[in-house]
There are 2 protein chains.
Amino acid sequence: MTISAPVTRMKSGERRELILEAATEVFAETGYVGTTTADIARAAGVSQPYVVRLFGTKEQLFLDVIQRALDVLLAAFRGALDDATSDVPLGKRMALAYVNQLNQHGLLLSLMHAFVLGRDPVIGAAARAGFMKVYRFLRDDAGFDPLEVQNFLASGMLVNTMIGIDMVEDYDGDPDVRELMECAFPEKLDMVRALASQREQEQR
Amino acid sequence: MTISAPVTRMKSGERRELILEAATEVFAETGYVGTTTADIARAAGVSQPYVVRLFGTKEQLFLDVIQRALDVLLAAFRGALDDATSDVPLGKRMALAYVNQLNQHGLLLSLMHAFVLGRDPVIGAAARAGFMKVYRFLRDDAGFDPLEVQNFLASGMLVNTMIGIDMVEDYDGDPDVRELMECAFPEKLDMVRALASQREQEQR
DNA sequence: GTCTATAGGATGATAGAC
DNA sequence: GTCTATCATCCTATAGAC
C-alpha cells in the first residue's frame with residue numbers, strides 16, 4: 001500500500017512520520033519478524049536502506065511504531081476523559097475511544113504484535129512498559145476500580161484478537177461468525193466493517 | 001530446552017509427538033516467523049532436516065502444533081463439562097480448565113501467535129477455524145449464553161496477552177504489576193508463578 | 001528412521017555517490 | 001535527504017548416505 005512517491009525531498013521529520021505510519025500498517029499485517037524493512041520501504045515509497053538509515057535498526061523502528069501507537073491511544077483516552085460535557089457514561093466513552101482506533105489501520109494490531117513477543121529482551125520490556133502505562137492510566141487518571149480495569153482490558157484484548165484473526169468479514173457467510181462479531185462488537189460493528197472494505201479497496 | 005537426545009531410533013509417531021511438544025514451546029517463545037526449524041530441531045534433539053522431513057514444511061508443522069493445542073484445550077473443556085459431580089459452578093470449572101493449560105508451557109501462547117497472523121492465507125484460515133471451534137463449543141456444548149461466551153473469551157484473551165507479554169514475575173518489583181496480576185488472575189496466580197519459575201530452571 | 005552437506009533464496013545493514 | 005550497489009548472514013528445503 002504505497003502512501004507517497006519518493007520523488008521529492010522532505011524534511012526529515014515529515015518523512016519519519018510518513019514511514020512510521022506505513023510501518024504501523026505493515027507490521028500489523030505481517031508482524032515484527034515477518035516484516036522486512038524492504039516491505040516498509042515499499043509501502044512508504046522510499047528505498048530500503050533509507051528506512052534503516054532513518055531509524056538505525058529494524059528493531060528501533062518497531063519500538064518507535066509501538067511508542068507512537070501508545071501515544072495515540074492514550075491521547076484518545078484523555079480526550080474521552082476530558083469530554084465531560086457528554087451525557088454518555090465514562091466507561092462507554094472510553095470503550096468507544098478504544099474501538100475508534102480501529103479507524104487508524106494497524107494501530108491496535110501492531111501493539112498486539114508487540115504483546116506477543118514478551119520473551120524478547122528489548123521488545124518485551126517495551127511491551128510490558130506500554131501495557132502498564134495503559135493500566136495506570138485507567139486506574140489513576142480514569143479512576144476505574146480494579147474490576148473495571150480488568151473488564152476493560154479483557155474486552156480490549158478480545159477486540160484485538162478478533163482483529164488479529166482477521167474476522168471482520170463474514171467468512172464463507174458463516175452465521176456463527178456473524179453472531180460472534182455482533183456479540184463482541186455491540187454498536188461498533190459498522191466501524192469494523194468499514195475498515196475491512198476500505199482495506200479491500202486499498203488492495204485494488 | 002532439550003527434551004531428549006537423538007541417539008536412538010524411535011517409532012515415527014513417538015518422535016512426531018516429541019517434536020510437536022518441543023515446537024509448541026519454541027513457537028510460543030519466538031512466534032511463527034521468528035522460530036527456525038533449526039531452533040525446534042535443537043529443542044527436540046534431532047537434526048534440522050529431519051524436522052522438515054517429518055512435517056513437510058515449517059508451515060505445516062505450525063499448523064499441526066496449533067491443531068494439537070486446540071485438541072488439548074477442547075479436551076480439557078470437555079473434561080470440565082463432564083465433571084458434573086463437582087459442586088463448583090460450570091463457568092468456574094471451565095475457567096479453571098483454561099488456566100490449567102498454563103501448566104503445559106506454550107500451549108495457549110502458541111495459539112496466540114496464530115491469532116495474530118489472520119492475514120496469512122493459510123495460517124489465518126486455520127486460526128479463524130480454531131477460534132470458531134472454541135466459540136461453538138462454549139455456546140453449543142457448554143451452553144453458555146452469548147454474553148457468557150463473550151466474557152469468557154475476553155478473560156481468556158487477557159490471560160493470553162499477559163502471558164505473551166511475559167508479565168508473570170514482579171518485574172522490577174513493580175507493585176502495579178503485582179496488583180494487575182492479582183486482579184487479573186484471582187486464584188490462579190500461583191499457577192502462573194509456578195510456570196515462571198519452572199521456566200527459569202529450565203533455562204539453567 | 002535419522003544424519004551430513006549443501007543449494008538457493010532472502011534479509012538487515014553498510015559504503016559511498018548525488 | 002535519498003539512492004544504488006553490495007556484503008555477510010541466515011534459513012528452508014533437497015539430495016543422498018547410513
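The sequence lines fix the lettering, A, B, ..., with proteins before strands; numbering per chain opens at 1. Below, each value reflects all heavy atoms present in this structure, side chains not excepted, and no hydrogens, waters or symmetry copies.
Phosphate proximity of D/dG1 to A/Ser12: present, with a side-chain N or O under 4.0 Å from OP1 or OP2.
Considering only residues two or more places apart in sequence or on other chains, B/Asp71 meets the side-chain hydrogen bond (donor to acceptor under 3.5 Å, both in side chains) condition with B/Gln67. In this view, B/Phe27 and B/Phe62 satisfy the ring pair (Phe, Tyr, Trp, His ring centres under 6.0 Å) rule, not counting sequence neighbours. Residues passing the side-chain hydrogen bond (donor to acceptor under 3.5 Å, both in side chains) test with A/Arg93: none are found, sequence neighbours excluded. Listed by chain and number, the residues in a side-chain hydrogen bond (donor to acceptor under 3.5 Å, both in side chains) with A/Arg78 amount to none (sequence neighbours excluded). By the ring pair (Phe, Tyr, Trp, His ring centres under 6.0 Å) test, B/Phe131 is found to be paired with B/Phe115, residues two or more places apart in sequence or in another chain being considered. Judged as a salt bridge (charged side-chain N to carboxylate O under 4.0 Å, His left out), and not counting sequence neighbours, A/Asp120 has no contacts. In this structure, the ring pair (Phe, Tyr, Trp, His ring centres under 6.0 Å) partners of B/Phe144, at least two apart in sequence or on a different chain, are B/Phe152.
A salt bridge does not link B/Asp141 to B/Arg136: none of the charged side-chain nitrogens sits closer than 4.0 Å to a carboxylate oxygen.
Here D/dC11 presents its P atom at 12 Å from CD1 of B/Ile40, a figure rounded to the nearest Å. Across the protein-nucleic acid pair, B/Asp39 atom CG and D/dC11 atom C1' stand 10 Å apart, rounded to whole Å. Rounded to whole Å, atom P of C/dC3 lies 8 Å from atom OH of B/Tyr50. Look at CD on A/Glu14: it is 11 Å from P on D/dG1, rounded to the nearest Å. Atom NZ of A/Lys11 is separated from atom C1' of D/dT2 by 17 Å (rounded to the nearest Å). Look at CD on B/Gln60: it is 15 Å from C1' on D/dA13, rounded to the nearest Å. To the nearest angstrom, C1' of C/dA10 lies 12 Å from CZ of A/Arg42. When rounded to the nearest whole Å, the span between CG of B/Leu18 and C1' of C/dG1 equals 14 Å.
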(request) Quick one, give me the B/S/- string for nucleotides 12-18 of chain C, reading 5' to 3', where B means a protein heavy atom under 4.0 Å from the base and S means that only happens at the primed atoms, P, OP1 or OP2. (result) BBB-B--

(message) Once pairs are restricted to Watson-Crick or G-U wobble with both distances under 3.5 Å, how does DNA chain D read as a dot-bracket string, [ ] for crossings and | for other-strand pairs?
(response) ||||||||||||||||||

(message) Working note: A/Glu148 + A/Arg139, criterion salt bridge (Lys or Arg N to Asp or Glu O under 4.0 Å); need CA distance, chi angles, decisive distance, verdict.
(response) CA-CA 9 Å; A/Glu148 280 176 316; A/Arg139 186 193 60 183; over 6 Å; no

